[in-house]
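Written out below as C-alpha coordinates is the structure these notes cover.
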Amino acid sequence: MSSSDYEQEEINQNMERALAELMSDPDMPPNFVHGVGFRQFMEVLNPQFKPNFKNDGSEFCQVYKERKAGVKDFLGKFDGMISLSVDILRYENPANGYCADDYLCLSAHFFDEDWKLQKWVLHSRALMLKDDLSASDVLHDDDDWGAFRWLEEYGIEKKIFTFSMIQNDVGYDQLVECVKNHIQEKMGIQLDDQLFHVFCFEEMIANMVQGAFHRIKGIINKLSFLSSFVSIAPVWNVTNSHLKEALELWSAGEYSSADTDDVPTLEEWKKVEGICKIVDSIYEVSNALFQAKHQTTNVYLYHLHELHEILTQASVDSDNTIARGMLKACDRYWDKMFLLLGISAALDPRFKMKYVEFACSKVKGADGSSQAAAVLGAIEKLFDEYALRFSEKVNCTSESSASVSDSEGASPRHVNHTFSVLQDFEKFTQLKGYLEEPVLPWSKDFDALAWWSTAGTKYPILCKIARDFLAIPVMLATSHQAFCTGPKPADRNMVNMKPGTLHAFMCARSWCPRQ
(Lines give C-alpha, C1' and ligand atoms only; values in the text may rest on other atoms or scores of the structure.)
Protein backbone atom coordinates (compact mmCIF):
# COMPACT_ATOMS: atom_id res chain seq x y z
CA MET A 1 0.00 0.00 0.00
CA SER A 2 1.41 3.35 -1.04
CA SER A 3 1.80 6.32 1.28
CA SER A 4 -1.06 8.08 -0.50
CA ASP A 5 -3.31 5.07 0.17
CA TYR A 6 -2.39 5.20 3.85
CA GLU A 7 -3.17 8.90 3.91
CA GLN A 8 -6.53 8.33 2.22
CA GLU A 9 -7.39 5.54 4.66
CA GLU A 10 -6.57 7.84 7.58
CA ILE A 11 -8.70 10.59 6.05
CA ASN A 12 -11.62 8.14 5.63
CA GLN A 13 -11.30 7.00 9.24
CA ASN A 14 -11.31 10.60 10.47
CA MET A 15 -14.39 11.34 8.39
CA GLU A 16 -16.14 8.23 9.71
CA ARG A 17 -15.39 9.38 13.24
CA ALA A 18 -16.59 12.93 12.52
CA LEU A 19 -19.77 11.56 10.95
CA ALA A 20 -20.34 9.27 13.94
CA GLU A 21 -20.01 12.29 16.25
CA LEU A 22 -22.48 14.19 14.06
CA MET A 23 -25.02 11.35 14.14
CA SER A 24 -24.60 11.22 17.92
CA ASP A 25 -26.09 14.68 18.22
CA PRO A 26 -29.77 14.34 19.22
CA ASP A 27 -30.61 17.58 17.43
CA MET A 28 -29.51 16.04 14.13
CA PRO A 29 -32.16 13.88 12.38
CA PRO A 30 -30.70 10.37 12.01
CA ASN A 31 -31.93 10.03 8.42
CA PHE A 32 -30.14 13.16 7.20
CA VAL A 33 -27.35 10.93 5.85
CA HIS A 34 -29.79 9.43 3.35
CA GLY A 35 -30.59 12.80 1.80
CA VAL A 36 -29.44 13.52 -1.73
CA GLY A 37 -27.97 16.84 -0.69
CA PHE A 38 -25.81 15.26 2.00
CA ARG A 39 -24.47 12.59 -0.34
CA GLN A 40 -23.69 15.16 -3.02
CA PHE A 41 -21.88 17.25 -0.44
CA MET A 42 -19.83 14.24 0.67
CA GLU A 43 -18.91 13.40 -2.93
CA VAL A 44 -17.62 16.93 -3.48
CA LEU A 45 -15.80 16.91 -0.14
CA ASN A 46 -14.19 13.51 -0.62
CA PRO A 47 -15.24 11.39 -3.63
CA GLN A 48 -13.42 8.35 -2.23
CA PHE A 49 -15.40 8.35 1.05
CA LYS A 50 -18.53 6.14 0.87
CA PRO A 51 -20.38 6.12 4.21
CA ASN A 52 -22.24 2.87 4.86
CA PHE A 53 -24.53 2.68 7.89
CA LYS A 54 -25.52 -0.94 7.46
CA ASN A 55 -22.07 -2.11 8.60
CA ASP A 56 -20.98 -2.89 12.15
CA GLY A 57 -20.93 0.80 13.13
CA SER A 58 -17.48 0.49 14.70
CA GLU A 59 -16.82 4.22 14.88
CA PHE A 60 -20.23 4.88 16.35
CA CYS A 61 -19.70 2.16 18.94
CA GLN A 62 -16.38 3.80 19.84
CA VAL A 63 -18.17 7.10 20.53
CA TYR A 64 -20.57 5.18 22.75
CA LYS A 65 -17.78 3.49 24.72
CA GLU A 66 -15.97 6.77 25.34
CA ARG A 67 -19.11 8.52 26.58
CA LYS A 68 -20.22 5.53 28.66
CA ALA A 69 -17.21 5.86 30.96
CA GLY A 70 -18.22 9.40 31.88
CA VAL A 71 -21.88 8.41 32.33
CA LYS A 72 -21.02 5.55 34.71
CA ASP A 73 -18.76 7.81 36.74
CA PHE A 74 -21.43 10.52 37.00
CA LEU A 75 -24.25 8.15 37.94
CA GLY A 76 -22.07 6.38 40.48
CA LYS A 77 -21.46 9.68 42.28
CA PHE A 78 -25.00 11.03 41.81
CA ASP A 79 -26.53 11.69 45.26
CA GLY A 80 -30.21 11.85 44.26
CA MET A 81 -32.84 9.36 43.20
CA ILE A 82 -33.39 8.37 39.56
CA SER A 83 -36.72 7.79 37.83
CA LEU A 84 -36.94 5.24 35.03
CA SER A 85 -39.08 5.15 31.93
CA VAL A 86 -39.54 2.70 29.10
CA ASP A 87 -40.48 3.84 25.62
CA ILE A 88 -41.75 1.27 23.13
CA LEU A 89 -40.93 2.49 19.61
CA ARG A 90 -42.58 0.82 16.64
CA TYR A 91 -41.56 0.68 13.00
CA GLU A 92 -44.29 -0.33 10.58
CA ASN A 93 -43.08 -1.33 7.14
CA PRO A 94 -45.81 -0.87 4.49
CA ALA A 95 -43.71 -2.85 2.01
CA ASN A 96 -43.95 -5.88 4.29
CA GLY A 97 -47.67 -5.85 4.98
CA TYR A 98 -47.19 -3.32 7.79
CA CYS A 99 -45.34 -5.91 9.82
CA ALA A 100 -44.22 -4.05 12.94
CA ASP A 101 -40.87 -4.11 14.68
CA ASP A 102 -40.80 -2.98 18.30
CA TYR A 103 -37.83 -1.38 20.05
CA LEU A 104 -37.43 -0.92 23.79
CA CYS A 105 -35.61 2.07 25.28
CA LEU A 106 -34.93 2.17 29.03
CA SER A 107 -34.10 5.71 30.19
CA ALA A 108 -33.02 7.41 33.42
CA HIS A 109 -34.53 10.80 34.37
CA PHE A 110 -32.96 13.18 36.89
CA PHE A 111 -31.89 16.76 37.47
CA ASP A 112 -28.16 17.34 37.50
CA GLU A 113 -26.36 19.71 39.84
CA ASP A 114 -27.34 22.66 37.62
CA TRP A 115 -31.03 21.66 37.76
CA LYS A 116 -31.04 20.67 34.10
CA LEU A 117 -33.25 17.73 33.26
CA GLN A 118 -31.38 14.76 31.86
CA LYS A 119 -32.93 11.80 30.05
CA TRP A 120 -30.23 9.22 29.42
CA VAL A 121 -30.93 5.99 27.57
CA LEU A 122 -29.36 3.09 29.47
CA HIS A 123 -30.54 0.16 27.40
CA SER A 124 -32.05 -0.28 23.96
CA ARG A 125 -32.95 -3.45 22.10
CA ALA A 126 -35.20 -4.77 19.39
CA LEU A 127 -38.26 -6.78 20.35
CA MET A 128 -40.46 -9.01 18.28
CA LEU A 129 -44.23 -8.95 18.05
CA LYS A 130 -46.05 -11.60 20.04
CA ASP A 131 -47.06 -13.56 16.92
CA ASP A 132 -43.40 -14.02 15.97
CA LEU A 133 -41.81 -14.51 19.39
CA SER A 134 -39.32 -17.27 19.92
CA ALA A 135 -38.92 -18.93 23.30
CA SER A 136 -35.97 -16.67 24.14
CA ASP A 137 -37.88 -13.49 23.30
CA VAL A 138 -40.98 -14.07 25.42
CA LEU A 139 -41.24 -11.91 28.53
CA HIS A 140 -41.84 -14.38 31.34
CA ASP A 141 -43.23 -13.50 34.76
CA ASP A 142 -39.73 -13.31 36.25
CA ASP A 143 -38.03 -11.69 33.26
CA ASP A 144 -37.28 -8.03 32.59
CA TRP A 145 -35.45 -8.27 29.24
CA GLY A 146 -32.17 -7.51 30.95
CA ALA A 147 -33.30 -4.11 32.28
CA PHE A 148 -32.11 -4.65 35.85
CA ARG A 149 -28.75 -5.94 34.62
CA TRP A 150 -28.17 -2.53 33.06
CA LEU A 151 -29.13 -0.75 36.28
CA GLU A 152 -26.43 -2.78 38.03
CA GLU A 153 -24.04 -2.06 35.16
CA TYR A 154 -24.38 1.68 35.87
CA GLY A 155 -24.39 1.21 39.65
CA ILE A 156 -27.82 2.78 40.21
CA GLU A 157 -29.86 -0.25 41.29
CA LYS A 158 -30.20 1.32 44.79
CA LYS A 159 -31.12 4.77 43.47
CA ILE A 160 -34.31 3.94 41.54
CA PHE A 161 -37.32 6.04 42.56
CA THR A 162 -40.18 5.48 40.08
CA PHE A 163 -40.91 3.65 36.83
CA SER A 164 -43.03 5.16 34.05
CA MET A 165 -44.34 3.15 31.12
CA ILE A 166 -47.21 3.26 28.63
CA GLN A 167 -49.40 0.21 29.17
CA ASN A 168 -50.96 -0.01 25.71
CA ASP A 169 -49.15 -3.20 24.74
CA VAL A 170 -50.10 -6.54 26.27
CA GLY A 171 -47.01 -8.25 27.67
CA TYR A 172 -45.00 -5.11 28.36
CA ASP A 173 -46.89 -4.09 31.50
CA GLN A 174 -45.28 -6.81 33.63
CA LEU A 175 -41.85 -5.31 32.94
CA VAL A 176 -42.51 -2.72 35.66
CA GLU A 177 -43.36 -5.43 38.17
CA CYS A 178 -40.24 -7.44 37.31
CA VAL A 179 -37.94 -4.44 37.81
CA LYS A 180 -39.73 -3.50 41.03
CA ASN A 181 -39.20 -6.98 42.46
CA HIS A 182 -35.48 -6.79 41.67
CA ILE A 183 -35.19 -3.37 43.30
CA GLN A 184 -37.18 -4.46 46.36
CA GLU A 185 -34.59 -7.17 46.98
CA LYS A 186 -31.80 -4.59 46.91
CA MET A 187 -33.49 -1.81 48.88
CA GLY A 188 -36.80 -0.75 50.35
CA ILE A 189 -39.17 1.07 48.03
CA GLN A 190 -40.32 4.41 49.38
CA LEU A 191 -43.82 4.73 50.82
CA ASP A 192 -44.54 1.01 50.43
CA ASP A 193 -44.68 0.99 46.64
CA GLN A 194 -47.34 3.74 46.45
CA LEU A 195 -45.15 5.85 44.16
CA PHE A 196 -43.14 3.35 42.15
CA HIS A 197 -45.46 2.68 39.22
CA VAL A 198 -46.24 5.91 37.33
CA PHE A 199 -49.23 5.82 34.98
CA CYS A 200 -48.75 8.23 32.11
CA PHE A 201 -51.11 11.17 31.73
CA GLU A 202 -51.23 11.11 27.93
CA GLU A 203 -52.22 7.44 27.91
CA MET A 204 -55.11 8.11 30.28
CA ILE A 205 -56.35 10.88 27.99
CA ALA A 206 -55.92 8.79 24.82
CA ASN A 207 -57.74 5.78 26.28
CA MET A 208 -60.54 7.97 27.54
CA VAL A 209 -61.11 9.75 24.22
CA GLN A 210 -60.54 6.70 22.05
CA GLY A 211 -63.01 4.77 24.21
CA ALA A 212 -65.63 7.46 23.55
CA PHE A 213 -65.01 7.24 19.80
CA HIS A 214 -65.43 3.47 19.87
CA ARG A 215 -68.79 3.94 21.59
CA ILE A 216 -69.99 5.68 18.42
CA LYS A 217 -68.06 3.46 16.03
CA GLY A 218 -71.25 2.57 14.17
CA ILE A 219 -71.96 6.25 13.47
CA ILE A 220 -68.35 6.81 12.38
CA ASN A 221 -68.65 3.86 9.98
CA LYS A 222 -71.71 5.53 8.42
CA LEU A 223 -69.78 8.77 8.03
CA SER A 224 -66.86 6.93 6.39
CA PHE A 225 -69.18 6.06 3.47
CA LEU A 226 -70.18 9.70 3.12
CA SER A 227 -66.73 11.22 3.70
CA SER A 228 -63.62 9.17 3.11
CA PHE A 229 -61.61 11.33 5.51
CA VAL A 230 -63.70 10.27 8.54
CA SER A 231 -62.30 7.33 10.51
CA ILE A 232 -60.92 6.51 13.95
CA ALA A 233 -57.35 7.69 13.44
CA PRO A 234 -54.38 6.64 15.60
CA VAL A 235 -54.12 10.30 16.61
CA TRP A 236 -57.21 11.23 18.60
CA ASN A 237 -57.27 14.98 17.91
CA VAL A 238 -57.29 14.17 14.17
CA THR A 239 -60.36 11.96 14.64
CA ASN A 240 -62.08 14.77 16.49
CA SER A 241 -61.18 17.29 13.79
CA HIS A 242 -62.63 15.04 11.09
CA LEU A 243 -65.86 14.55 13.02
CA LYS A 244 -66.26 18.31 13.46
CA GLU A 245 -65.71 18.80 9.75
CA ALA A 246 -68.44 16.25 9.03
CA LEU A 247 -70.74 18.08 11.43
CA GLU A 248 -70.15 21.34 9.57
CA LEU A 249 -70.98 19.69 6.26
CA TRP A 250 -74.15 18.21 7.72
CA SER A 251 -75.20 21.61 9.10
CA ALA A 252 -74.67 23.07 5.61
CA GLY A 253 -77.00 20.41 4.12
CA GLU A 254 -74.19 18.59 2.31
CA TYR A 255 -75.63 15.13 3.03
CA SER A 256 -79.31 15.90 2.39
CA SER A 257 -79.31 14.20 -1.02
CA ALA A 258 -77.53 11.03 0.11
CA ASP A 259 -79.24 7.71 0.69
CA THR A 260 -80.99 7.96 4.07
CA ASP A 261 -79.59 4.59 5.16
CA ASP A 262 -76.08 6.00 4.91
CA VAL A 263 -76.81 9.25 6.74
CA PRO A 264 -76.79 9.30 10.57
CA THR A 265 -80.10 10.17 12.21
CA LEU A 266 -80.63 13.47 13.99
CA GLU A 267 -80.12 11.72 17.32
CA GLU A 268 -76.84 10.26 16.09
CA TRP A 269 -75.64 13.63 14.85
CA LYS A 270 -76.40 15.10 18.28
CA LYS A 271 -74.41 12.32 19.92
CA VAL A 272 -71.41 13.08 17.70
CA GLU A 273 -71.79 16.77 18.46
CA GLY A 274 -71.86 16.11 22.21
CA ILE A 275 -68.71 13.99 22.10
CA CYS A 276 -66.84 16.56 20.00
CA LYS A 277 -67.78 19.24 22.51
CA ILE A 278 -66.34 17.21 25.40
CA VAL A 279 -63.22 16.25 23.45
CA ASP A 280 -62.66 19.90 22.54
CA SER A 281 -62.61 20.74 26.26
CA ILE A 282 -60.25 17.85 26.96
CA TYR A 283 -58.02 19.10 24.15
CA GLU A 284 -57.78 22.55 25.74
CA VAL A 285 -56.64 21.03 29.04
CA SER A 286 -54.25 18.47 27.60
CA ASN A 287 -52.78 20.67 24.88
CA ALA A 288 -51.37 23.02 27.53
CA LEU A 289 -49.31 20.06 28.76
CA PHE A 290 -48.65 18.37 25.43
CA GLN A 291 -47.15 21.38 23.69
CA ALA A 292 -44.54 22.01 26.37
CA LYS A 293 -41.20 20.28 25.93
CA HIS A 294 -41.23 19.22 29.56
CA GLN A 295 -43.68 19.91 32.36
CA THR A 296 -42.51 19.26 35.89
CA THR A 297 -44.64 17.00 38.08
CA ASN A 298 -45.98 19.82 40.27
CA VAL A 299 -48.49 21.05 37.64
CA TYR A 300 -50.30 17.77 36.88
CA LEU A 301 -52.69 17.78 39.83
CA TYR A 302 -53.94 21.20 38.74
CA HIS A 303 -54.65 20.02 35.20
CA LEU A 304 -56.13 16.71 36.39
CA HIS A 305 -58.50 18.62 38.66
CA GLU A 306 -59.42 20.90 35.76
CA LEU A 307 -60.16 17.86 33.59
CA HIS A 308 -62.27 16.32 36.36
CA GLU A 309 -64.35 19.49 36.62
CA ILE A 310 -65.04 19.46 32.87
CA LEU A 311 -66.14 15.83 32.85
CA THR A 312 -68.24 16.31 35.99
CA GLN A 313 -70.10 19.19 34.37
CA ALA A 314 -70.55 17.27 31.10
CA SER A 315 -72.01 14.26 32.90
CA VAL A 316 -74.47 16.48 34.80
CA ASP A 317 -75.61 18.64 31.89
CA SER A 318 -77.42 15.80 30.16
CA ASP A 319 -78.00 12.08 30.28
CA ASN A 320 -74.58 11.47 28.79
CA THR A 321 -73.43 7.92 29.54
CA ILE A 322 -70.23 8.47 27.55
CA ALA A 323 -69.29 11.49 29.68
CA ARG A 324 -69.95 9.50 32.83
CA GLY A 325 -67.71 6.71 31.52
CA MET A 326 -64.93 9.21 30.88
CA LEU A 327 -65.40 10.63 34.37
CA LYS A 328 -64.99 7.15 35.88
CA ALA A 329 -61.74 6.72 33.93
CA CYS A 330 -60.54 10.07 35.29
CA ASP A 331 -61.47 8.98 38.84
CA ARG A 332 -59.49 5.76 38.44
CA TYR A 333 -56.43 7.74 37.33
CA TRP A 334 -56.92 10.15 40.23
CA ASP A 335 -56.89 7.29 42.74
CA LYS A 336 -53.80 5.65 41.19
CA MET A 337 -51.74 8.81 40.87
CA PHE A 338 -53.09 11.13 43.54
CA LEU A 339 -50.41 10.56 46.18
CA LEU A 340 -47.55 11.29 43.77
CA LEU A 341 -49.30 14.28 42.17
CA GLY A 342 -50.46 15.59 45.55
CA ILE A 343 -46.93 15.51 47.02
CA SER A 344 -45.58 17.18 43.88
CA ALA A 345 -48.25 19.91 44.02
CA ALA A 346 -47.45 20.55 47.70
CA LEU A 347 -43.84 21.15 46.61
CA ASP A 348 -45.06 24.00 44.39
CA PRO A 349 -44.91 27.22 46.46
CA ARG A 350 -47.97 28.51 44.56
CA PHE A 351 -50.05 25.52 45.76
CA LYS A 352 -48.65 23.84 48.88
CA MET A 353 -51.17 21.90 50.98
CA LYS A 354 -53.87 24.53 50.57
CA TYR A 355 -54.48 23.64 46.95
CA VAL A 356 -54.16 19.91 47.65
CA GLU A 357 -56.89 20.19 50.29
CA PHE A 358 -59.06 22.27 47.97
CA ALA A 359 -58.74 19.85 45.05
CA CYS A 360 -59.49 16.86 47.30
CA SER A 361 -62.63 18.48 48.66
CA LYS A 362 -63.89 19.26 45.14
CA VAL A 363 -63.22 15.79 43.74
CA LYS A 364 -63.83 13.53 46.74
CA GLY A 365 -66.19 15.63 48.85
CA ALA A 366 -66.26 14.51 52.48
CA ASP A 367 -63.60 11.87 51.76
CA GLY A 368 -61.20 14.53 50.50
CA SER A 369 -59.82 15.34 53.95
CA SER A 370 -58.44 11.81 54.36
CA GLN A 371 -56.69 12.00 50.97
CA ALA A 372 -55.14 15.36 51.86
CA ALA A 373 -54.04 13.98 55.24
CA ALA A 374 -52.40 11.04 53.43
CA VAL A 375 -50.38 13.49 51.33
CA LEU A 376 -49.18 15.41 54.39
CA GLY A 377 -48.30 12.18 56.16
CA ALA A 378 -46.35 10.98 53.14
CA ILE A 379 -44.40 14.24 52.95
CA GLU A 380 -43.49 13.97 56.63
CA LYS A 381 -42.34 10.37 56.14
CA LEU A 382 -40.30 11.32 53.09
CA PHE A 383 -38.71 14.17 55.03
CA ASP A 384 -37.64 11.75 57.76
CA GLU A 385 -36.16 9.33 55.20
CA TYR A 386 -34.25 12.06 53.35
CA ALA A 387 -33.07 13.63 56.61
CA LEU A 388 -31.81 10.23 57.77
CA ARG A 389 -29.97 9.69 54.49
CA PHE A 390 -28.41 13.15 54.81
CA SER A 391 -27.44 12.57 58.46
CA GLU A 392 -25.86 9.19 57.58
CA LYS A 393 -23.50 11.01 55.22
CA VAL A 394 -22.64 13.46 57.97
CA ASN A 395 -22.26 10.58 60.41
CA CYS A 396 -19.62 9.03 58.16
CA THR A 397 -17.58 12.18 58.61
CA SER A 398 -18.20 12.31 62.36
CA GLU A 399 -17.28 8.66 62.88
CA SER A 400 -13.96 9.22 61.14
CA SER A 401 -13.17 11.70 63.91
CA ALA A 402 -14.69 9.62 66.72
CA SER A 403 -11.37 9.53 68.60
CA VAL A 404 -11.39 13.32 68.68
CA SER A 405 -14.94 13.30 70.02
CA ASP A 406 -14.03 10.80 72.72
CA SER A 407 -11.07 12.87 73.79
CA GLU A 408 -13.42 15.80 74.18
CA GLY A 409 -15.86 13.77 76.24
CA ALA A 410 -18.44 13.23 73.45
CA SER A 411 -19.13 9.54 72.74
CA PRO A 412 -20.40 8.27 69.35
CA ARG A 413 -23.77 7.61 71.03
CA HIS A 414 -23.93 11.23 72.09
CA VAL A 415 -23.09 12.29 68.51
CA ASN A 416 -25.92 10.13 67.12
CA HIS A 417 -28.34 11.55 69.68
CA THR A 418 -27.31 15.04 68.65
CA PHE A 419 -28.07 14.23 65.02
CA SER A 420 -31.51 12.89 66.03
CA VAL A 421 -32.30 16.12 67.85
CA LEU A 422 -31.05 18.14 64.90
CA GLN A 423 -33.19 16.04 62.55
CA ASP A 424 -36.36 16.80 64.54
CA PHE A 425 -35.40 20.47 64.65
CA GLU A 426 -34.83 20.54 60.87
CA LYS A 427 -38.21 18.89 60.28
CA PHE A 428 -39.90 21.53 62.41
CA THR A 429 -38.11 24.51 60.91
CA GLN A 430 -37.98 23.39 57.27
CA LEU A 431 -41.19 21.48 56.64
CA LYS A 432 -43.48 23.42 58.94
CA GLY A 433 -41.87 26.70 57.95
CA TYR A 434 -42.32 25.98 54.23
CA LEU A 435 -45.93 24.82 54.52
CA GLU A 436 -47.02 27.67 56.80
CA GLU A 437 -45.48 30.44 54.75
CA PRO A 438 -48.02 32.17 52.45
CA VAL A 439 -48.31 30.70 48.98
CA LEU A 440 -46.81 32.67 46.12
CA PRO A 441 -49.18 34.63 43.85
CA TRP A 442 -50.38 32.61 40.88
CA SER A 443 -48.23 32.98 37.78
CA LYS A 444 -48.64 30.92 34.65
CA ASP A 445 -44.95 31.33 33.80
CA PHE A 446 -43.71 30.29 37.25
CA ASP A 447 -40.54 28.17 37.09
CA ALA A 448 -40.50 25.66 39.95
CA LEU A 449 -36.97 24.56 39.07
CA ALA A 450 -35.59 28.08 39.33
CA TRP A 451 -37.36 28.58 42.66
CA TRP A 452 -36.06 25.40 44.23
CA SER A 453 -32.56 25.86 42.86
CA THR A 454 -32.27 29.01 44.97
CA ALA A 455 -34.27 27.71 47.96
CA GLY A 456 -31.72 25.01 48.75
CA THR A 457 -29.96 27.04 51.42
CA LYS A 458 -33.22 27.68 53.30
CA TYR A 459 -34.79 24.24 52.77
CA PRO A 460 -31.89 21.85 52.03
CA ILE A 461 -33.76 18.60 52.73
CA LEU A 462 -37.01 19.69 51.08
CA CYS A 463 -34.93 20.80 48.12
CA LYS A 464 -33.56 17.26 47.69
CA ILE A 465 -37.10 15.86 47.79
CA ALA A 466 -38.27 18.42 45.26
CA ARG A 467 -35.40 17.67 42.90
CA ASP A 468 -36.31 13.98 42.84
CA PHE A 469 -40.07 14.49 42.51
CA LEU A 470 -39.94 17.18 39.83
CA ALA A 471 -37.86 14.86 37.62
CA ILE A 472 -40.49 12.08 37.60
CA PRO A 473 -41.80 11.66 34.02
CA VAL A 474 -45.61 11.72 34.22
CA MET A 475 -45.68 12.02 30.43
CA LEU A 476 -43.40 10.22 27.99
CA ALA A 477 -44.45 12.14 24.88
CA THR A 478 -44.90 15.78 23.94
CA SER A 479 -46.22 17.74 20.98
CA HIS A 480 -48.13 15.72 18.36
CA GLN A 481 -46.82 12.39 19.69
CA ALA A 482 -48.79 12.89 22.91
CA PHE A 483 -52.03 12.61 20.93
CA CYS A 484 -51.11 9.18 19.55
CA THR A 485 -52.99 6.12 20.75
CA GLY A 486 -50.17 3.66 20.05
CA PRO A 487 -46.40 3.39 20.43
CA LYS A 488 -44.12 6.16 19.19
CA PRO A 489 -42.77 5.69 15.66
CA ALA A 490 -39.23 4.34 15.38
CA ASP A 491 -36.70 5.82 13.00
CA ARG A 492 -36.20 3.59 9.97
CA ASN A 493 -32.43 3.64 10.54
CA MET A 494 -32.99 1.45 13.59
CA VAL A 495 -34.28 -1.38 11.39
CA ASN A 496 -30.95 -1.76 9.57
CA MET A 497 -28.73 -1.63 12.63
CA LYS A 498 -27.14 -4.59 14.31
CA PRO A 499 -28.09 -5.02 18.01
CA GLY A 500 -24.83 -3.58 19.34
CA THR A 501 -24.93 -0.60 16.99
CA LEU A 502 -28.57 0.07 17.83
CA HIS A 503 -27.80 0.13 21.54
CA ALA A 504 -24.80 2.42 20.99
CA PHE A 505 -26.82 4.70 18.69
CA MET A 506 -29.71 5.25 21.13
CA CYS A 507 -27.51 5.65 24.20
CA ALA A 508 -24.81 7.91 22.74
CA ARG A 509 -27.37 10.31 21.24
CA SER A 510 -28.99 10.77 24.66
CA TRP A 511 -25.60 11.30 26.31
CA CYS A 512 -24.50 14.03 23.90
CA PRO A 513 -22.89 16.81 25.96
CA ARG A 514 -24.80 20.08 25.83
CA GLN A 515 -23.30 23.52 25.74
May I ask you to test the Leu89-Met506 pair for a side-chain heavy-atom distance under 4.5 Å?
-> yes
Stepwise, does the side chain to side chain contact (heavy atoms under 4.5 Å, CB included) test hold for Leu476 with Val86?
-> CA-CA 9 Å; Leu476 298 184; Val86 162; over 6 Å; no
Looking at SG of Cys61 and CD of Glu66, how far apart are the two atoms once the value is rounded to the nearest 0.5 Å?
-> 11.5 Å
Donor-acceptor under 3.5 Å (Lys159 side chain, Gly76 main chain) = yes
Only one of Phe74, Trp150, Tyr154 forms a ring-ring contact (aromatic ring centres under 6.0 Å, His included) with Trp120, so which one is it?
-> Phe74
Just say parallel, tilted or perpendicular for the rings of Tyr355 and Phe358, cut-offs at 30° and 60°.
-> tilted
Any Ile465 side-chain heavy atom under 4.5 Å of Ile379 side chain = no
Might you point out which heavy atoms bring Lys364 and Gln371 nearest each other, and give the distance in Å?
-> CG-OE1, 3.5 Å
Considering only heavy atoms from C-beta outward, does the side chain of Gln295 approach that of Val474 to under 4.5 Å?
-> no
Heavy-atom donor-acceptor pair, Glu202 side chain to Ala477 backbone, under 3.5 Å = yes
Quick one: do Lys72 and Glu153 make a salt bridge, cutoff under 4.0 Å?
-> yes
Less than 6.0 Å separating the ring centroids of Tyr91 and Tyr103?
-> no
Reported CG-to-CD distance for the pair Asp112 and Gln118, which is rounded to 0.5 angstrom | 5.0 Å
Quick one: pull up NZ in Lys77 and CD in Glu113 and give me the separation to the nearest 0.5 Å.
-> 11.0 Å
Nearest heavy-atom approach of His303 to Ala288 is CE1-CB, 4.1 Å
Look only at the side chain of Ser124 and the backbone of His503, and say whether a donor-acceptor pair between them is shorter than 3.5 Å.
-> no
Can you name the closest pair of heavy atoms from Pro489 and Gln481 and give their distance?
-> CD-NE2, 4.1 Å
May I ask you to check whether Tyr333 and Tyr300 place their ring centres under 6.0 Å from each other?
-> no
Within a strict 4.5 Å, meaning less than it, do heavy atoms of the Lys352 and Tyr434 side chains meet?
-> yes
Do the side-chain N and O atoms of His109 and Ser85 include a donor-acceptor pair separated by under 3.5 angstrom?
-> yes
Derivation and outcome, salt bridge (Lys or Arg N to Asp or Glu O under 4.0 Å), residues Lys464 and Asp468 = CA-CA 6 Å; Lys464 291 179 181 296; Asp468 290 342; over 6 Å; no
Output field: ring centroids Trp511/Tyr64 closer than 6.0 Å | yes
Close side-chain approach of Met337 to Val198, heavy-atom, < 4.5 Å | yes
Can you find a heavy atom in the side chain of Asn287 that is under 4.5 Å from one in the side chain of Phe483?
-> yes
What pair of heavy atoms forms the shortest contact from Gln430 to Leu462, and how long is it?
-> OE1-N, 3.3 Å
Taking the side chain as every heavy atom from C-beta outward, state whether Thr501 and Lys498 have any atom pair closer than 4.5 Å.
-> yes
Within the distance-only criterion (no hydrogens, no angle test), does the side chain of Thr297 pair as donor or acceptor with the backbone N or O of Phe469 below 3.5 angstrom?
-> yes
Indicate yes or no: at least one non-hydrogen side-chain atom of Pro473 is less than 4.5 angstrom from one of His294.
-> no
Leu307 and Trp334: CA distance, side-chain angles, deciding distance, side chain to side chain contact (heavy atoms under 4.5 Å, CB included) verdict = CA-CA 11 Å; Leu307 176 65; Trp334 179 283; over 6 Å; no
Determine, stepwise, if the pair Cys512 / Arg67 fulfils side chain to side chain contact (heavy atoms under 4.5 Å, CB included).
-> CA-CA 8 Å; Cys512 182; Arg67 292 183 182 177; 3.8 Å; yes
Quick one: CD1 on Ile461 to CZ on Arg389, what's the gap to the nearest 0.5 Å?
-> 10.5 Å
Would you mind writing out the side-chain donor-acceptor pairs for residues 342-350 within the sub-3.5 Å range, not counting sequence neighbours?
residue: Ser344; atom: OG; partner: Leu340; partner atom: O; Å: 2.9
residue: Asp348; atom: OD1; partner: Arg350; partner atom: N; Å: 2.9
residue: Asp348; atom: OD1; partner: Arg350; partner atom: NE; Å: 3.1
residue: Asp348; atom: OD2; partner: Asn298; partner atom: ND2; Å: 2.7
residue: Asp348; atom: OD2; partner: Arg350; partner atom: NE; Å: 3.3
residue: Asp348; atom: OD2; partner: Arg350; partner atom: NH2; Å: 2.7
residue: Arg350; atom: NH1; partner: Ser443; partner atom: O; Å: 2.7

Are any of the side-chain nitrogens in Asp193 or Lys180 under 4.0 Å away from the carboxylate oxygens of its partner?
-> yes
For the residue pair His308 and Asp331, confirm or rule out a side-chain donor-acceptor distance under 3.5 Å.
-> yes
Does Phe111 have its ring centroid less than 6.0 Å away from the ring centroid of Trp452?
-> no
Sequence neighbours excluded, the answer for side-chain hydrogen bond (donor to acceptor under 3.5 Å, both in side chains) partners of Thr162 is Ser83
Would you check if the distance from the ring center of Phe196 to the ring center of Phe161 is below 6.0 Å?
-> no
Donor-acceptor pair, side chain of Lys381 and main chain of Leu191, under 3.5 angstrom = no
Between the CZ atom in Arg332 and the CG atom in Leu327, the distance rounded to the nearest 0.5 Å is 10.0 Å
If you take all heavy atoms of Cys360 and Ala372, which pair is closest and at what distance?
-> SG-N, 3.8 Å
Of all the heavy-atom pairs spanning Leu502 and Arg125, show the shortest one and how long it is.
-> CD2-C, 4.2 Å
Could you state the interatomic distance from CD1 (Ile156) to CG (Leu122), rounded to the nearest 0.5 Å?
-> 5.0 Å
Is it true that Asp79 and Arg467 make a salt bridge, defined as a side-chain N closer than 4.0 Å to a carboxylate O?
-> yes
Can the ring centroids of Phe199 and His197 be said to lie less than 6.0 angstrom from one another?
-> yes
How far apart are the C-alpha atoms of Glu380 and Leu431, what are their side-chain angles, what is the distance that settles it, and do they pass the side chain to side chain contact (heavy atoms under 4.5 Å, CB included) test?
-> CA-CA 8 Å; Glu380 291 176 343; Leu431 185 56; 3.7 Å; yes
